[in-house]
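Model, not experiment: these values are computed from the prediction. What's counted below: heavy atoms across the whole structure, side chains too, no hydrogens, waters or symmetry copies.
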Amino acid sequence: MSFDLMLVAASLPKIATGVVLTLKLLVVSLLFGTALGIGAALMRISGSRLLAWPSFAYSYVFRGTPMLVQLFIIYYGLSQFEGLRNSMLWPILREPFWCAVIALSLNEGAYAAEILRAAIRGVDQGLHEAGHALGLSPRQRFMHVTAPIAVRLALPAYGNEMIGLLKGTALVSMIAMNDITGVARTIVAKTFAPYEIFISAAIVYLSITWVIQHGIRVAERHFNRYIKK
Amino acid sequence: MVISEKNEAIIVLEGVTKFYGGFQALKGCSMVVSRGQKIVLCGPSGSGKSTLIRCINRLEEHDSGRIVVAGTELTRNMANVAAVQSEIGMVFQQFNLFPHLTVVENLMLAPRLVRKLPRPQAREIAMHYLARVRIPEQADKFPIQLSGGQQQRVAIARALCMKPQIMLFDEPTSALDPEMIKEVLDVMTDLARDGMTMVVVTHEMGFARSVADLVVFMDAGEIVEQAPPSEFFGAARSARTKLFLQQILTH
């Protein structure tokens with residue numbers, strides 16, 4: 001078996017052109033997904049069944065089905081609705097990019113909701129009572145006591161989730177987008193060298209993962225400053 | 001119970017009951033605390049002492065009976081609850097300091113958010129009370145960097161920053177190592193001397209003897225006996241009180 005190092009070196013810069021799209025998908029989906037996750041987590045802990053149930057169903061459906069299937073449903077399925085095709089949203093919804101963002105965000109939101117819910121539940125009830133006894137309103141207690149502590153508790157799991165989302169972006173190559181994996185597949189089709197090319201793609205993913213992990217570690221160190229003796 | 005005519009009643013409990021599911025934690029407790037009085041609540045564990053003081057500042061909702069604090073009755077009316085809570089400071093067994101805030105920030109939080117004080121003024125008040133509990137030098141540390149006794153003193157200062165009329169203490173020294181109990185009790189004794197109205201759940205009978213105006217003994221959700229310490233420790237009337245005193249004073 002031969003392994004062409006030169007080919008790896010030559011294709012790395014080309015594959016790197018897909019990085020922009022991958023990062024765009026990652027960042028935009030992370031923002032939307034986190035917002036969705038916060039909303040869904042708050043609904044779950046609201047104490048109202050009317051709010052908690054839809055949130056539970058949302059998490060259950062999106063965590064319980066493959067993201068690729070969700071992506072296909074959104075990409076191929078939305079155009080089935082004539083009302084949607086005629087709506088003002090269509091210019092957005094017909095773009096593969098936005099279909100991908102919708103799928104990735106909904107997925108990310110479902111996982112983020114679970115992580116955040118667990119983190120909020122993990123905050124010592126005594127602190128809540130202390131805030132109560134000091135006369136803080138429920139909102140003030142949440143914003144100034146529960147939330148900052150929950151963020152610290154959620155951080156490690158959230159870091160993993162970010163890396164999961166990064167890897168999830170590779171699926172968009174299935175709807176003809178030129179992210180890292182998409183570019184790699186195009187090159188493979190021309191060079192017939194899947195081994196070298198996909199290893200190059202893997203190297204690019206690994207370097208992004210490294211940056212994310214490093215960022216999370218810095219953030220953890222910042223948030224953990226008050227739990228170290 | 002000794003309340004002179006001129007002493008205004010600041011906490012009135014009348015037939016207060018509280019259920020947790022089928023378990024009745026309070027079985028019709030009545031008690032009057034007048035301004036400036038120091039009450040020590042004692043009794044075996046599970047007797048309802050903590051539940052009773054937690055009802056006074058509405059951390060628990062009572063099921064029947066009346067609770068009137070500083071002239072305001074505690075009802076479902078949220079405005080009343082907020083009014084009462086702002087008059088009462090509470091100190092917990094587990095300190096419950098906010099771990100993500102420094103000591104001084106712990107003290108500034110409620111004055112800033114509830115009293116809407118600007119930061120410099122909140123900080124000034126915070127430093128004043130930190131000095132009173134004798135740890136101004138720890139202001140910029142995080143709670144975890146302090147000893148248990150220091151943390152509990154910070155918790156006392158945090159409650160005082162809201163300038164409450166009443167202070168509730170729920171077993172403030174029970175989570176402390178023995179060598180740290182004194183520093184907390186000393187701060188509480190100072191506070192008592194300054195005329196603060198205090199309701200203290202504690203097993204520290206020495207503190208009860210020297211500081212309390214009235215010792216209230218609870219058992220099985222009932223107030224069994226209330227008497228000034230000299231009378232309480234010298235000539236307890238009920239058999240239950242005698243048994244309890246034997247158990248805790250023999251060693």
Side-chain angles (χ1 to χ4, degrees), chain A residues 34 38 41-42 45-49 51 115-159 215-229, chain B residues 50 53-54 56-60 78-79 81-103 105-116 140-147 151 154-155 157-164 166-170 175:
Chain A
T34 303
I38 293 172
L42 291 179
I45 59 161
S46 65
S48 148
R49 270 198 191 175
L51 291 175
I115 292 170
L116 293 174
R117 183 180 68 96
I120 291 169
R121 283 274 151 83
V123 176
D124 183 358
Q125 190 58 27
L127 302 179
H128 205 68
E129 285 191 345
H132 196 168
L134 285 166
L136 268 54
S137 70
R139 199 190 133 83
Q140 288 171 331
R141 267 177 269 157
F142 184 80
M143 295 305 290
H144 294 272
V145 180
T146 308
I149 297 170
V151 167
R152 173 176 68 78
L153 296 177
L155 212 51
Y158 214 77
I216 291 288
R217 216 171 300 138
V218 169
E220 275 181 37
R221 216 173 295 142
H222 170 76
F223 280 106
N224 285 355
R225 71 197 187 284
Y226 60 79
I227 56 169
K228 264 194 223 125
K229 286 246 182 192
Chain B
S50 289
I53 71 165
R54 289 164 62 84
I56 295 175
N57 72 342
R58 201 65 166 187
L59 286 181
E60 307 281 351
M78 290 312 285
V81 172
V84 165
Q85 277 173 342
S86 70
E87 298 301 336
I88 302 179
M90 183 149 185
V91 175
F92 301 86
Q93 183 177 353
Q94 299 297 340
F95 327 138
N96 292 345
L97 295 178
F98 305 128
H100 60 301
L101 301 178
T102 62
V103 164
E105 286 167 347
N106 259 276
L107 271 66
M108 290 162 64
L109 189 68
R112 274 178 47 223
L113 297 177
V114 182
R115 301 273 192 248
K116 311 285 177 206
D140 295 311
K141 290 193 181 166
F142 284 106
I144 191 112
Q145 298 169 301
L146 271 54
S147 72
Q151 289 192 48
V154 171
R158 178 175 68 176
L160 290 175
C161 281
M162 291 297 282
K163 313 213 160 142
I166 301 162
M167 285 284 284
L168 306 177
F169 294 83
D170 190 1

- Message: Quick check for you: to the nearest 0.5 Å, what is the distance between B:N106 atom CG and B:F142 atom CZ?
- Response: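 These two atoms lie 10.0 Å from each other.
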- Message: Taking every non-hydrogen pair under 4.5 Å, which of A:R152, A:E129, A:H128 racks up the most with chain B?
- Response: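 Ranked by heavy-atom pairs under 4.5 Å with chain B, first place is A:E129.
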- Toward chain A, the part of B:R54 with a non-hydrogen atom under 4.5 Å: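 It is the side chain, since no backbone atom gets that close.
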- Sort B:L168 into side chain, backbone, both or neither according to what part of it lies under 4.5 angstrom from a heavy atom of chain A.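 Nothing of B:L168, per the 4.5 Å heavy-atom cut-off to chain A.
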- Query: Any side-chain heavy atom of B:L97 within less than 4.5 Å of one from B:L146?
  - Reply: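 No. Closest side-chain heavy atoms not under 4.5 Å.
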- Does some side-chain heavy atom of B:P111 sit less than 4.5 Å from a side-chain heavy atom of B:K163?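 Answer no - side chains too far apart.
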- Message: Strictly distance-based, threshold 3.5 Å: is any side-chain N or O of A:Q140 a donor or acceptor partner for the main-chain N or O of B:L113?
- Response: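 Yes, because the side chain of A:Q140 sits within donor-acceptor range (under 3.5 Å) of the backbone of B:L113.
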- chain A interface, residue from B:M78, B:M90, B:H100, B:Q85 that has the most non-hydrogen pairs under 4.5 Å: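 Most pairs with chain A among the choices: B:H100.
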